[in-house]
Structures are given as C-alpha cells and as structure tokens.
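Here the structure is laid out as structure tokens; the discussion comes afterwards.
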Amino acid sequence: MAENKSYFFCGIGGSGMSPLAMIVAARGASVSGSDRSRDQGRSADKFDWIESRGIALFPQDGSGVADGQILVASAAVEDSVPDVAAANALGLARMTRADLNAALFNAADKGIGVGGTSGKSTVTGMIGWILHRAGRQPTVMNGAVMRNFVSPDTPFASALVGEDAIYVSEVDESDGSIALYRPDVAVVTNISLDHKSLDELHRLFGDFAAKARIAVVNADDPESAPLLAGANVLRFGFSNDAAIRGSDFEPLADGCRFTVHFAADSHVVRLKMPGRHNAANALAAIAAARALNIPLAASVAALADFAGLARRYEVLGQAGGVTIIDDFAHNPDKVAATLAAVAELPGRALLFFQPHGYGPLRQMGKELAASFAAGMRDGDRLYVCDPVYFGGTVDRSIGSEALVADIVRGGADAVHMTTRASCGAAILDEARGGDRILILGARDDTLTEFGRELLAQLG
C-alpha cells in the first residue's frame, strides 16, 4: 500500500498522522508534509525529529504539494487550506488518515483493531508490547507515545515498525472510520458517550465486532452487552462470566496488582500503572494476545515491564512534596476513570482541565460536568481554561463558563479562568506538600510542556 508512492501529509504532527507517516516511510514511500502548529512555532522538538527521519517539511501554504503525490488529510480539513487547494488544482488523489491506515491494516495477515470510547491507546500499546516481547515483530499504529519503545533515536515512538503480517492499530469510531477495518481480532474496550450518540456507537461497534474472527469484548460494560451475544466473542473483565477474568484488584502506591484467570490457569499481574481501569485495559490486552495464541504467562510477564504511554497518568515529577501528573482525560468516561485512580490514594488533587474544543463541549458538556462533580472529593479543586482553538470555523457560543457552572451546581469546587497561564499561577499559589496536580486535556501537545513548566516553578 505504501511502496514506491509519494504522500504529502497535511497536519503531519497530529497524533494519528505522524506515526502513520513513519510507517509508510519505513515501507519505502516518499513522505513529506506540513503542519499549522509548526508554522506557529509549537512543538519544535517533534518537528525537528520528523525532519531527522528524512521527511521534508514545508509551510502550510501549498508550496510543498507537488504533482504525483497523494494528499493525506483529515476529512475535516477544509478546501480553503492552501495545501488542499494546491492538491485540488493539481488533481491529486486524496486520502484520509483512516483510509491509508485501514489499507495497511487490511493488507496484513493478522489485523488487531482496538476500538472503544476509552483505553484504546493503552490497550494498543499493551498488545504491541506483548507481541514484541513474544518475538512476533508487530507493526503498531498508536495515537500516543509508547514509552517502552522510546529511545534517543525514537523520542516520539507512537509507531513501531515491524513486519507487514501483524498490524496492531487503534480504530476510531468518532468519525465512523471504524467501518473501514476488517479485523482478525477486534477489541472493544467499552462504549460510552463521546462524539456520537449511543445508538450510532452500538451500530458501529457491533458491525466491527461481527466482522472479526474473534471479538474481545468488555463483560463489565453495560453498553457493550449487545455485543456479548456473538458466537465469536471472548469476554474479559472482572465479571464472573468473563473468560479472561480478573479478581483481587489492589491499588498500590506505584501501580496496581490483580489476578487473571483463564480456564484452570491463573497468574498475579503487576502493573506500573494505577487504577482499576488500567487493570481492565490489561485484561483486554491479555485476551487479545490469547486470541493470537500467546500464553497468559507470557502476557503477564510482558505487562510487568509495560512502562505506559505518554500523557496517560504520566508522572512528570515531584517538587516540594507536590506531584505533577499529565493525563489525556477529556471525555466523561476518561475523566471518571482518572478521578477514580486519584481517589485510590490519599492526598488532595488540584486539577487543571483544558477542553479539547468547543464542539465537544456542546456534544457532551453536561455529561463531562457530571463526571467531574461525581469524581472529585472534598478538598479537590478544578481550574478550567478556555477550550483549545487553533483557528477555523467553529461555533464558540458554548465555552468553559457553562461547563464550570454545571460542575459547581453538581457540588464540586471549580473555577473558570480564561487563560492557561492564569490557571497555572493559581494552582501554584494553592499547592501544598502532599498535593497532586493533574494536567487534563487532549489535542494539544503543549499540555505536557505546561506541566513541566509548573514542575520547574515548584522546584
């Protein structure tokens, strides 16, 4: 699907675009691209690294687009964007990221697709690490940096380039592109409100699971219940009717521990990641690996060394007795899971949240507010800045003020401040030894930089 072709990636720095660019480049394609964030001077380290891999980068002004290329761009990118206009003028073929990824995925002998509202990136990384440790040489397409594969040469390891035969990838329901994939193993981590209605989600995930040789489905998730009736289903979870069953969950200061059972086989699993939701993620990965004939013992041994993903409850450091944690939580389900992990250990939480767009606030603002209000404890405090906005046409009539008002009505302590900087200053002024500061949000690589800035100022 990639060899001897030339691709131009519009928005090449995106979490789903850069790993795909690395995979097709490694398979012999010519790859170049542009990104608005690069033009704005953001995330310079990432773009320097992309260029160091032999990928030419251009301003997003149409100057890099050339005859004979295939334009890879999100379906949401408007025709008025100069790169798209230049490609249209040249009559170039256009693919979405999902089009190209699905073509690579479907060409593999074994495609392992990981879908669900929450946990996709973590489960994808876990499966990739298990298969890598088992010597299967998978290709892994992830939306987050997999810390086990980070090295001086690959500081942004959101892709692992292995053999063509095994392709592990997140699949996205938010734009409906999950329908493009033909999985051998289909993983559904859970189903909850995010970008689409529950009726739409049930249909998309149901079709996805039905196409697979084996569908790995969460037996603990009520919304996934319609999928459990399939003849091809391997159930995971803490429920008694799960085939890959967890028990005896125990939170630890540096992760968690639980027992996994399959038939007469059982093993104690030790994770470096906290939270019952990560134990469920591990059960999903173990089940997917079992569907590929990886023994439980091998999966458990690999997961003991799984270092997690960047921005998935990633501890950035500690200063003055205050711990700063960077996390991707941005929808109701992810926020609930993160706050549940926070509540497993003592200490006040000072939460910073940057909504990942105005559209998501309209779609799920009420549910998001309910998750914050239900998950925050007495003494916890939430600081919310305005939503991330990189330009373009979007209805900005509903913003962070409405979200905070709903959270306060729900009984939690929350405040809206227009800028990220003002939130940071207030958090630093409030922080005391024993507190945990959590940086929450998505679609903005500079959130991690913000967390590190707070850590430096604490120090």
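All values below were derived from every heavy atom in this structure, side-chain atoms included, with hydrogens, water molecules and symmetry-related copies excluded.
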Test side-chain contact (heavy atoms from CB on, under 4.5 Å) on Ser18 and Phe9 and set out the steps. CA-CA 9 Å; Ser18 61; Phe9 284 74; over 6 Å; no

Given Arg136 and Ile130, is the side-chain contact (heavy atoms from CB on, under 4.5 Å) satisfied, shown in steps? CA-CA 9 Å; Arg136 294 289 187 93; Ile130 291 169; over 6 Å; no

Could you check Asp164 against Arg27 for salt bridge (charged side-chain N to carboxylate O under 4.0 Å, His left out), going step by step and ending with a plain yes or no? CA-CA 9 Å; Asp164 297 357; Arg27 292 189 176 184; 3.4 Å; yes

Between Leu345 and Arg436, is a side-chain contact (heavy atoms from CB on, under 4.5 Å) present by the stated rule, with each step listed? CA-CA 10 Å; Leu345 298 172; Arg436 279 170 289 170; 4.0 Å; yes

Full working for side chain to side chain donor-acceptor pair (under 3.5 Å) between Asp153 and Ser151: CA-CA 5 Å; Asp153 289 337; Ser151 71; 5.2 Å; no

Please test Ser158 against Asn142 for side chain to side chain donor-acceptor pair (under 3.5 Å), starting from the C-alpha separation and ending with a verdict. CA-CA 5 Å; Ser158 50; Asn142 208 331; over 6 Å; no

Apply the test side-chain contact (heavy atoms from CB on, under 4.5 Å) to residues Ile286 and Leu303: give CA-CA distance (whole Å), side-chain angles for both, the deciding distance (0.1 Å), then the verdict. CA-CA 9 Å; Ile286 291 168; Leu303 288 173; 3.7 Å; yes

Between Ser192 and Glu223, does the side chain to side chain donor-acceptor pair (under 3.5 Å) criterion hold? Intermediate values first, please. CA-CA 7 Å; Ser192 65; Glu223 294 294 346; over 6 Å; no

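Using modelled atom types and a 3.5 Å distance limit, the side chains of Tyr167 and Asn106 yield no donor-acceptor pair. Neither side chain, Asp333 nor Thr117, offers a donor N or O lying under 3.5 Å from an acceptor on the other.
Across Ala329 and Thr338, no two heavy atoms sit closer than the pair CB-OG1, 3.5 Å. Listed here is the closest heavy atom pair of Val335 and Ser371: CG1-CB, 4.0 Å. Contact between Pro138 and Val168 at its shortest, heavy atoms only, is CB-CG2, 4.3 Å. Contact record, Pro355 with Val384: CD-CG1, 4.0 Å, taken as the closest heavy-atom pair. For Ala288 against Ile127, the heavy-atom pair with the smallest separation is CB-CD1, 3.6 Å. Annotation for Ser177 and Asp172: closest pair OG-O, 3.3 Å, computed over non-hydrogen atoms.
A salt bridge is absent between Arg42 and Glu449; no separation between the charged side-chain nitrogens and carboxylate oxygens falls under 4.0 Å. At a threshold of 4.0 Å, the pair Asp254-Arg270 counts as salt-bridged, since one of the basic side-chain nitrogens sits closer than that to a carboxylate oxygen. A salt bridge is defined here as a Lys NZ or Arg NE, NH1 or NH2 lying under 4.0 Å from an Asp or Glu carboxylate O, and Arg94 with Asp79 meets this definition.
Using a distance-only test at 3.5 Å, with no hydrogens or angles considered, no donor-acceptor pair links the side chain of Asp248 to the main chain of Phe258. In this structure a side-chain-to-backbone donor-acceptor pair under 3.5 Å is missing from Asn190 to Asn218. In this structure a side-chain-to-backbone donor-acceptor pair under 3.5 Å is missing from Asp39 to Arg36. Formation of a donor-acceptor pair under 3.5 Å by the Arg235 side chain with backbone atoms of Ala219 is not found in this model. Using a distance-only test at 3.5 Å, with no hydrogens or angles considered, no donor-acceptor pair links the side chain of Arg290 to the main chain of Phe262. Looking at Asp35, its side chain does come within 3.5 Å of a backbone N or O of Gly13 through a donor-acceptor pair. The main-chain N or O of Gly162 is found under 3.5 Å from a side-chain atom of Thr139 such that the two form a donor-acceptor pair. Although no hydrogens or angles enter the test, the distance criterion places no donor-acceptor pair under 3.5 Å between the side chain of Glu344 and the main chain of Pro251. At distances below 3.5 Å, not a single donor-acceptor pair connects side-chain atoms of Ser32 with backbone N or O atoms of Ala56. Looking only at distances, a side-chain donor or acceptor of Asp221 sits under 3.5 Å from a matching main-chain atom of Ile191.
Between Phe156 and Trp49, the ring planes lie tilted relative to each other; the angle falls in the 30° to 60° range. Note on ring orientation: taking the six-membered ring where Trp is involved, the planes of His330 and Phe328 are perpendicular (angle over 60°, cut-offs 30° and 60°).
Note that NZ of Lys110 is 11.5 Å distant from CG of Leu131, once rounded to the nearest 0.5 Å. One distance of note links OG1 of Thr189 with CZ of Phe236; it measures 6.5 Å at 0.5 Å rounding. Between the CG atom of Leu309 and the CG atom of Asp327 there is a distance of 11.0 Å, given to the nearest 0.5 Å. Rounding to the nearest 0.5 Å gives a distance of 7.5 Å between CD1 of Ile178 and NZ of Lys211. Here OG of Ser266 is found 9.0 Å from CZ of Arg245. Values are rounded to the nearest 0.5 Å. Rounded to the nearest 0.5 angstrom, Phe8 CZ and Leu90 CG are separated by 11.5 Å.
Qualifying side-chain contact (heavy atoms from CB on, under 4.5 Å) partners for Ala157, counting only residues two or more places apart in sequence or in other chains: Phe149, Val150, Thr154. Every residue was checked against the salt bridge (Lys or Arg N to Asp or Glu O under 4.0 Å) condition with Arg312, not counting sequence neighbours, and none meets it.
Residues Arg420 and Leu447 form a side-chain contact, since some pair of their non-hydrogen atoms from C-beta on lies under 4.5 Å apart. Side-chain atoms of Ile12 and Arg38, non-hydrogen and from C-beta on, never get closer than 4.5 Å to each other. Within the 4.5 Å cutoff, the side chain of Cys10 has heavy atoms near those of the Leu71 side chain. Contact of the Val268 side chain with the Arg257 side chain is registered, since non-hydrogen atoms from C-beta on lie closer than 4.5 Å. Looking only at side-chain heavy atoms (C-beta outward), Asn232 and Ile214 stay at 4.5 Å or farther from each other. Between Met22 and Ile50, the closest side-chain pair of non-hydrogen atoms falls below 4.5 Å. Looking only at side-chain heavy atoms (C-beta outward), Val233 and Leu227 stay at 4.5 Å or farther from each other. Between Phe205 and Pro226, the closest side-chain pair of non-hydrogen atoms is not below 4.5 Å.
Of the options Tyr313, Phe353, Phe352, a side-chain contact (heavy atoms from CB on, under 4.5 Å) to Leu438 is made by Tyr313 and by none of the others.
Annotation: cation-pi pair Arg276/Phe238 present, NZ/CZ under 6.0 Å from the ring centroid and within 45° of its normal.
Heavy atoms of other residues, nucleotides or ligands lying less than 6.0 angstrom from CZ of Arg362 number more than 12.
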